2 protein chains.
Amino acid sequence: MIVSIDPSTGATVEVLDVPAEDLDRIGDRAHAAHRDLEAAGRPGRAAMLRAMAAALEDRRTALVAVADRETGLGRQRLNTELTRTAYQLGFFADVLDDGAYLEATIDQAGTTPMGPRPDLRRMLVPLGPVAVFGAANFPFAFSVPGGDTASALAAGCPVIAKVHPAHPATSLRSRDALLAGARAAGLHTDVVSLVYSDDTAARLVQHPDITAVGFTGSVRVGRLLADLAAARPAPIPFYGELGAVNAVVVGRAAARDRGAQIGDGLAASFMLGVGQFCTKPGIALIPSGTAGAALTQALTDRVAAAGAGIMLSERIAGAYADGAGRLLAAPGVDVLARGGDAPAEDLQGFQGFWGSPLLLRSRPDALDGPLLEECFGPALILVEYDTDDDALATLRRFGPALTVTVHADDEDRPAAARLLDHAHRTAGRVVWNGYPTGVAVTWAMHHGGPYPATTNALHTSVGAGAIRRWLRPVCFQDVPQDLLPDELRDEPSCGPVPRRVNGTLMLGG
Amino acid sequence: MIVSIDPSTGATVEVLDVPAEDLDRIGDRAHAAHRDLEAAGRPGRAAMLRAMAAALEDRRTALVAVADRETGLGRQRLNTELTRTAYQLGFFADVLDDGAYLEATIDQAGTTPMGPRPDLRRMLVPLGPVAVFGAANFPFAFSVPGGDTASALAAGCPVIAKVHPAHPATSLRSRDALLAGARAAGLHTDVVSLVYSDDTAARLVQHPDITAVGFTGSVRVGRLLADLAAARPAPIPFYGELGAVNAVVVGRAAARDRGAQIGDGLAASFMLGVGQFCTKPGIALIPSGTAGAALTQALTDRVAAAGAGIMLSERIAGAYADGAGRLLAAPGVDVLARGGDAPAEDLQGFQGFWGSPLLLRSRPDALDGPLLEECFGPALILVEYDTDDDALATLRRFGPALTVTVHADDEDRPAAARLLDHAHRTAGRVVWNGYPTGVAVTWAMHHGGPYPATTNALHTSVGAGAIRRWLRPVCFQDVPQDLLPDELRDEPSCGPVPRRVNGTLMLGG
């Protein structure tokens, strides 16, 4: 039995009666689903993903209602997130229609400087059943119906999803929607299965039938599971999107000329969703002296005027309180502003899980320990720099991150070029005159970065490239046409896809 | 001091006076080289790779001579391998010229169902300095000047190569050639550095400046190093091409109609280079009864007529003797043929490191333990099957491999289709009516496979795709044109590359 909790009160939303978690049975079913997904081909899987999107839309009101009760994220945000999630399923259907993701490559038999060469044809094939760990902070978009699931199903990999305890009812109903979509498209196997318990989580990563893992969550848990994946008798890839301190650097001229505007934007970005985004700015480097004053003032005003917000779960609110406490206790740190306190208990004696925004300032020479680590929640640390060299030196103090943001006007260009050069070596996304929160589902998105941003810097969890995580190449040597995968035949029956033939890239359409 | 040994006699070839291995110094130099390789751009790196190929050609006679003394592989084979190695460097220059490997993707600012979207531009950038472990069995093609180095340098990653103790002098002179090529192309930094000692090897994998590792070698050493890479404070990708039992399945009609021919081909393949190929067939499944008789006879004759061969090193010859001993001692195994013995000591009392071919037969129900593991050297195990189902069941007993080969005539097609379906799920390359030895350097090659074939099934160590291992995506959001990498600008100065723009793939040329 799984208990779903309302974080705004601490009360029980519902008690879920879920089946016992028999991984062997789930594994067998996933293998059947794997065959089904393969047999459906790209057109069949694309139709399935679009039917899944439609099934989510059909259940929108009920899904948003239960997610709101479980997460406290609010219906507006959750409606937007569901739109994104349905769009994402359709987007991966587009990726399938396009077909370039297969990296289909044909080298016809010929002669090379090393002698005769056989006919060689390479494309990507699905790995097999994969595990997906849902995130607390996105009950749809990074959970059971989210990007890991959408990209894995597109690839042809059935998903066994570990439900996040912050939203079990949402997860269960999302899975019902996905399976309804699959059935509508003619796939009747368990293309998505769920497990709930943390004990099963570790066994899932170690299960011989699991071929890869997608994870979004904390460094602590992600590293633990990544280590299990690496220590298996047969190691498997572990794609963990963990955490990082996202830095925002504001150039001197930018701060001087539009400091209040940047301060407002930065405040909105770091407090968005009660700071519960992996792309939340955690540190802002701003010029010292009068150039930075308007920015600091705007930030301070916005934070002081902000109220406390409901966090996703008791554990997350507790971790934020602990993290904020560590920041406050760090030497060289002072408080610029605090948001409102949590409300008192309600008439029923319920008290939800609240987090209050916090704006701190640290001396640059005090940056160490907790100040260099992610604090998940609405906390932002300002650090002032004197010279452009100081700004770069301070940025270098931080490890790799999902994002680095630079605000710069024309005068700031020379310094900004150096900042960008450093940023693109350590971050997955470099943002110019913007804010890092908001990760668009597009062909060009990259949501990743070197450790600890993720456990695998080569891959992304958002955008078209996310499908590559669930695929491996196979080369077919001299294999007859009728025994080749369709996309490697001279005349594919499902229509042309982009291919490289004898070294020359050819468009599909 | 490093001692180079002639495996045909056990005598010292030469004593190398190499500098002490200061990884910090090497790391600093690699960072300088990283900047140089980046600054060169794709055209500069392509020119460098071609100059390196020319420098190897210039030194061909001397390189082949020293490699022959160190490895006993023979000048003909080593000349072919050097041709392949030089070709491979030029091939990666072609990959750079083509530019599709960058996966350049542009989504211009616009509106989506989720609201406005910024300008997003993604491409792959080099990881940084990487470590490459040379293989014993390919002193050129999979060692210091080999595919890992060529693909890493193409990507823009400087290489710190761990020299294999079987050919230190070849490695040292190969590196001299590579640096001469780099200088000729205007790169004067240490784009390739060498380390020699096994102690340094472990520290190299753990060194904070190393961003990825390429390895070709045994499961035992590969797994040890992979575990070190995974256990680092910041884990890095480890691309180990380890080992596997490459299966060859011969259909009933194929064996009946051209058994002698297949037997000859199989004998040549498994004894090639004294069986010292990672793609060496280790097991052959053949029909029982008269259908398999001609094949078995041809194989037996060829093996009985074969002499012993010089193996690469004392350690490898010893490991082969141990492995062969384990196979011979396994229950259910009988000897069909042995090649000649090693010659007696020569007049100087020298005795080289010899390996003698071995043809064994195992009962299908006896396949277990050492029979399921790779034996590196000229050993082949025949297993007879009664029915097509038996053949598939026997194939399933083996783990993932670099290759699976199927020989089939028209009558065999239904069974062969099932074998291929299984094969493409567990092998990196599926060979039809051929032999697995020989791995062409082409766009479509895949040299890899699930563990233990490699430690990372998503990537290849041969072919154009090998470059992907050393690259990570970065997304640039709203970054001005002049601060973008050239290939992401609206008008790249180095000419167009294939790009996806607003979802549509566009050719470069």
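Naming: A, B, ... by sequence-line order, numbering from 1 per chain. Side chains are part of it too, since the values below use all heavy atoms of this structure and drop only hydrogens, waters and symmetry mates. Since the model is a prediction, treat every value here as computed from it, not as a measurement.
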Examine whether an atom of [X] lies under 4.5 Å from a heavy atom of chain B, and if so say whether it belongs to the side chain, the backbone or both; otherwise answer neither.
X        : answer
A/Pro233 : backbone
A/Met445 : both
A/Thr442 : both
A/Asp94  : neither
A/Arg499 : neither
A/Ala423 : neither
A/Glu81  : neither
A/Pro237 : side chain
A/Leu458 : both
A/Thr426 : backbone

Taking C-beta and beyond as the side chain, do [X] and [Y] meet within less than 4.5 Å on heavy atoms?
X        : Y        : value
A/Val474 : B/Val430 : yes
A/Pro235 : B/Arg223 : yes
B/Gln477 : A/Trp432 : no
A/Thr83  : B/Met114 : yes
A/Arg35  : B/Asp421 : yes
B/Val479 : A/Val406 : no

A/Arg472 side chain to B/Arg425 main-chain N or O, any donor-acceptor pair under 3.5 Å?
->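 At least one qualifying donor-acceptor pair exists.
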Flag if over 12 foreign heavy atoms under 6.0 Å of CD, B/Gln76 |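 No, not enclosed.
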Spell out the residues in residues 118-125 of chain A that have some non-hydrogen atom less than 4.5 Å away from a non-hydrogen atom of chain B, in order of number; otherwise answer 'none'.
-> A/Leu120, A/Arg121, A/Arg122, A/Val125
Sequence neighbours excluded, every pair satisfying salt bridge (charged side-chain N to carboxylate O under 4.0 Å, His left out) that has a member inside residues 455-470 of chain A =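 Only A/Glu103-A/Arg468, A/Asp148-A/Arg469 qualify under salt bridge (charged side-chain N to carboxylate O under 4.0 Å, His left out).
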Residues two or more places apart in sequence or in another chain: which of them pass salt bridge (Lys or Arg N to Asp or Glu O under 4.0 Å) with B/Asp482?
-> A/Arg413
Those residues that, when tested against B/His407, pass ring-ring contact (aromatic ring centres under 6.0 Å, His included) (two or more places apart) |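 Scan of B/His407 (ring-ring contact (aromatic ring centres under 6.0 Å, His included), adjacent residues dropped) gives B/Tyr435.
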